[in-house]
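Because the structure is predicted, anything quoted here is derived from the model rather than measured. Letters A, B, ... are given to chains in the order of the sequence lines, protein chains preceding strands, and every chain is numbered from 1.
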Amino acid sequence: MKFERYGIGIAKGMALTFKHLFRPPITVQYPEEKLVVSRRIRGNELVWYPDRCTGCATCAKSCPQGNIEIVTHVGDENNYVVDKFEVDTGRCMFCGLCVESCPYEALAMGLSYERAQYRRGQLVLSKEELRLSDVRQPSGYARPKIEATLPEQSLLVNWDREKGGQKLSLVPLSKKRGRGV
Amino acid sequence: MTLLEQFQLWLATMWPEWAAYVTPAIVGVVIVIAFALCMVIVFIYFERRLLGRFQIRLGPNRLGPEGIFQPIATAVKVLLKEDIVPAKGDKWLHWLAPLVVFVPVLMIFAVVPFWEGAIFIDLNVGIVYVVAISSVSAVGIYMAGWASNNKYALISALRMVAQVVSYELPVILSILGVVLMVGSLSMSQIVAAQTIPFILLQPLGFIIFFLGAVAEMNRSPFDLLEADSEIVAGFHTEYSGMKFAMFYLGEYCHALAYSCIIATLFLGGWRGPLLPPFLWLLIKVVAVFFVIVWIRATLPRLRVDQLMSFAWKCLLPMAVINLFVVAAEVLWLPESLPWIMVVVNFAFAGALILLWSKLFTLGGGRVEV
Amino acid sequence: MTIALNGEEVAEKIRGAFPGSVVAADKAAVIVTNQSLYQVAEFLKNTAGLDFDYLTDLTAVDYLDYFEVVYHLTSLKHNHSLVLKTRCYEREKPVVSSVVNLWRAADFQEREVYDLMGITFEGHPNLKRLLLWEGFVGHPLRRDYL
Amino acid sequence: MAIKTEPFILNIGPQHPSTHGVFRLRATLDGEVVVDVEPVIGYLHRGIEKLAEGRTYTQNIPFTDRLDYLASITNNLAYVLAVEKLAEVKVPERAEYLRVITAEMMRIASHLMAVGFFLNDLGAMMTPVLYMWREREKLLDLFEMVCGQRLTYNYMRIGGVSHDIPEEFLPALKRFVAEMPGFIDEYDQLLAGNEILLVRSKGVGVLPEELAINSAASGPVLRASGVKWDIRRADPYSIYDRFDFDIPVGSAGDCYDRYWVRVQEMRQSVRILEQAIPQLPEGEVCAEVPRLLRPPVGEVYGHIEAPKGELGFYLVSDNSIAPYRFRIRPPTLINLTALKDMVIGWKVADLIITFGSIDVCLGEIDR
């Protein structure tokens with residue numbers, strides 16, 4: 001093991017790091033600047049449409065963790081009435097199999113990724129909490145129609161490192177805290 | 001005569017002798033320590049931002065404009081942390097070690113000339129004092145490693161002792177080259193003698209001193225005692241709160257002190273055209289520190305036996321040869337022709353580095369167990 | 001393409017060397033008796049033309065009546081493969097001889113099988129639990145472990 | 001006269017900066033020299049093999065994501081290939097190409113991680129890691145675009161893949177493929193010729209060829225030891241026989257060779273991507289497969305060349321909806337077998353880099 005090549009390799013490496021000193025940083029200042037996530041993002045929540053759901057429990061059967069709890073009773077028109085639709089997102093691994101398997105598109109992955117809570121119990125989402133709302137928007141995962149309406153994802157590959165600047169499409173800090181997009 | 005001594009003489013005309021002696025000394029101590037600590041805080045911020053930029057990220061930028069208050073926030077955070085002493089550790093040594101590391105490093109600044117005459121005390125053995133006092137902190141680190149009752153800390157402490165002992169020799173020998181040319185050990189004399197910065201007159205001496213200094217202040221690629229991928233945090237694994245802050249400050253103080261010494265010995269100290277001398281020193285110190293951070297951002301670290309053999313097989317013989325060459329040149333070359341010496345020494349340094357790269361291997365291989 | 005050797009042909013060769021060692025053989029696999037496993041493995045490894053120098057995978061399956069220890073052997077030299085199996089009908093303390101001496105690769109995998117399936121490998125130098133801690137009761141991968 | 005010393009035991013891990021997860025090395029040291037080392041694992045054991053016996057074949061796909069979480073796509077691929085072999089499912093052409101494209105992207109991403117952290121173990125202060133993460137980030141963006149997540153993709157399905165790619169995927173991937181060789185050159189410039197890297201890793205942690213084969217090392221670890229064995233070539237699965245690529249082979253089997261092989265493999269993966277993108281046919285991406293698949297009684301061993309080595313799935317079916325036995329052949333666990341022989345006699349620092357050069361992933365070791 002000789003100390004070969006007289007330190008030329010070290011000098012080359014030093015030159016490269018020096019060159020990087022003049023490249024713009026690629027990091028994003030997170031809470032102020034947010035990148036646009038993928039249209040198919042499997043955010044950490046689910047969106048449930050009560051009007052479309054027939055209570056067939058296909059989602060519950062396809063869930064590898066057995067997280068989805070559905071209780072139904074037979075209604076007046078010989079249909080299922082959903083009494084309870086509860087998802088424990090604390091145990092959910094957001095694989096999306098339930099969304100893919102739903103035959104009536106009554107379930108969708110959420111768009112938000114900021115769903116941290118202080119208590120595990122708060123992660124169990126009930127029927128009301130799972131509904132579509134201002135802060136709970138569906139993503140286009142396995143839902144091509146929704147996918148087409150969402151903005152284009154920001155990609156680091158398309159970011160021009162020679163020109164620098166913010167070529168990444170960023171979403172400025174929204175006024176409403178907790179709004180994920 | 002230094003500014004401090006002038007101040008003392010002036011005070012002595014009004015005050016009793018002891019007060020005239022003590023008061024300026026205290027003022028001087030406060031000024032020097034304030035300078036050192038302020039610069040350390042600046043350095044911490046500078047290093048973190050600079051490393052960030054080397055690694056194409058931003059570095060701390062949250063607190064204050066461009067994050068300039070980040071070191072203060074870090075300091076407050078560290079100071080508020082719980083002080084933990086290992087249950088079976090040596091309590092007294094554990095408490096004493098940070099002081100033993102930190103105080104000697106601060107004492108180095110006593111002999112750093114900031115300006116013509118602006119030196120705390122112009123010892124006639126200034127450079128010897130620097131070498132002597134800077135190795136005391138190794139004792140502190142060994143104390144920390146021993147007192148922690150932690151195997152990682154102990155390994156780190158042992159590495160530290162071996163490293164400091166090995167690198168002290170080439171460092172001293174390369175300083176001797178400078179001393180031979182100046183003919184004095186005093187720091188202010190060394191600065192005064194540098195009409196041409198000694199980096200040009202003694203390139204090899206500079207390289208050896210620089211590498212030795214980097215090793216002595218335990219920074220990459222010689223940061224074996226804090227090799228976080230091997231021995232976690234090394235000797236300060238078991239330290240927290242205020243005591244850890246002392247080590248942290250001590251480390252950066254060490255870096256600052258050695259940057260000052262390198263600037264003084266080889267880069268002409270406060271000498272420079274146009275700008276005020278103090279600013280020149282600062283520029284040089286920051287430049288040296290920039291190179292240290294740059295190296296840290298680029299290079300992997302050496303292994304412990306390679307580190308040792310690098311000191312004993314490469315740096316030490318080269319330093320000895322360098323010393324002989326400088327002695328010969330001082331003896332026989334006419335003093336009026338320094339530029340010949342520049343050319344000769346550069347050629348010589350290049351030849352020696354090539355030769356050593358060809359001849360010597362670094363470190364041992366597998367050990368039979 | 002790795003050629004999966006016909007188990008019946010290999011079984012013939014094994015029978016030639018060790019009569020009575022082969023329990024059954026079909027296209028996919030050769031099943032040998034528990035006692036002759038080590039000799040057969042050695043034979044497969046060292047016979048020219050077979051040269052199974054690479055133990056890809058070692059595992060066990062619990063069929064409730066018996067345990068089946070499965071060895072997936074590959075020869076990097078000839079690029080062919082073979083599945084070797086052995087069975088033990090003992091449920092309390094099943095024992096199979098270890099092949100660590102032939103293939104170091106069996107080291108962790110035998111420990112894993114011992115840990116999760118409870119099959120003792122005789123001759124393994126360091127047969128301890130691998131994934132679970134010492135003192136864990138039961139062997140989770142058995143079908144009757146709940 | 002020799003100084004009498006006593007060896008002592010150092011627990012490296014489970015909480016240690018360079019054990020790449022919760023891994024514990026019980027090392028016996030004589031000063032700095034490693035006398036003995038014993039890996040202690042199981043801190044991340046989740047019993048996936050047992051869990052899988054109670055779930056349907058499709059439900060097991062997300063579990064395979066959690067094996068080697070740095071290369072989920074290849075885990076998915078190995079599993080679905082095994083199931084398809086068992087149930088004799090024909091995969092559409094477009095799906096095959098998408099599988100190869102994503103698998104090669106995954107290989108680059110995984111190797112970037114491996115090389116970066118190997119250099120970090122060498123003490124290069126995060127810089128190479130961050131440079132390599134930049135490229136990995138681009139790939140993760142693309143994965144996110146296709147399957148909606150950045151680490152656990154759950155992309156492959158039995159009979160194909162879960163989604164077709166969106167339109168903006170191919171232009172972005174082409175751009176990545178075009179600029180990636182330049183970045184690999186930059187990494188080479190940064191460290192491949194670095195003298196410190198050379199003295200630290202050349203000749204260190206040597207795994208001789210016979211031992212590598214005997215201990216069934218696979219992937220870059222095996223190839224660095226000089227064995228030209230790549231399952232993509234030796235036993236082509238999917239459509240790998242249609243692409244032209246080289247198998248980089250090391251000679252010494254030391255840490256540097258393992259590093260070098262990985263860097264070269266990234267170049268080869270880029271080559272495969274370059275060939276696969278123009279050939280991508282139109283069509284379906286998933287065959288019609290019953291949701292509750294009941295494969296015939298039998299057993300199958302399917303293996304692929306995952307970034308870290310030979311990843312195999314041994315499935316036994318009893319014609320029910322869940323596998324009877326679900327066995328994973330974890331490449332990194334088996335690569336660790338020879339760790340002891342590689343590090344004894346070297347220093348602690350060498351132990352760390354040898355371990356780093358094997359490129360372990362604890363999700364896979366412990367399962």
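Taking the six-membered ring for Trp, Tyr167(B) and Phe222(B) have ring centres closer than 6.0 Å. Proximity of the aromatic rings of Tyr252(B) and Phe43(B) is defined here by a centroid distance below 6.0 angstrom, and this criterion is not met.
Checking Thr149(A) against Arg39(A) by side-chain atom types alone, no donor-acceptor pair falls below 3.5 Å. Gln117(A) and Arg119(A) form no side-chain donor-acceptor contact under 3.5 Å, judged by distance and modelled atom types alone.
With respect to Glu69(A) and Lys84(A), a salt bridge is recorded, a charged nitrogen being found less than 4.0 Å from a carboxylate O.
Pairs of residues two or more places apart, or lying in two chains, that qualify as salt bridge (Lys or Arg N to Asp or Glu O under 4.0 Å) and include a residue from residues 42-62 of chain A are Glu45(A)-Arg115(A), Glu45(A)-Arg136(A).
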**OP:** Carefully, step by step, assess Ser309(B) and Gln306(B) under the rule side-chain hydrogen bond (donor to acceptor under 3.5 Å, both in side chains).
**Re:** CA-CA 5 Å; Ser309(B) 52; Gln306(B) 290 162 351; over 6 Å; no
Subject >> From CA spacing to verdict: side-chain contact (heavy atoms from CB on, under 4.5 Å), Thr298(B), Ile10(A) >> reply: CA-CA 8 Å; Thr298(B) 314; Ile10(A) 289 177; over 6 Å; no
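Both the backbone and the side chain of Leu58(B) come within less than 4.5 Å of a heavy atom of chain A.
The contact list for residues 211-219 of chain B toward chain A, using heavy atoms and a distance under 4.5 Å, is empty. Residues of residues 287-294 of chain B lying within less than 4.5 angstrom of chain A, judged on heavy atoms, are Phe290(B), Trp294(B) in numerical order.
The ring pair (Phe, Tyr, Trp, His ring centres under 6.0 Å) search around Phe22(A) returns Phe18(A), not counting sequence neighbours.
Between the Ser139(A) side chain and the Ile41(A) main chain, a donor and an acceptor come within less than 3.5 Å of each other.
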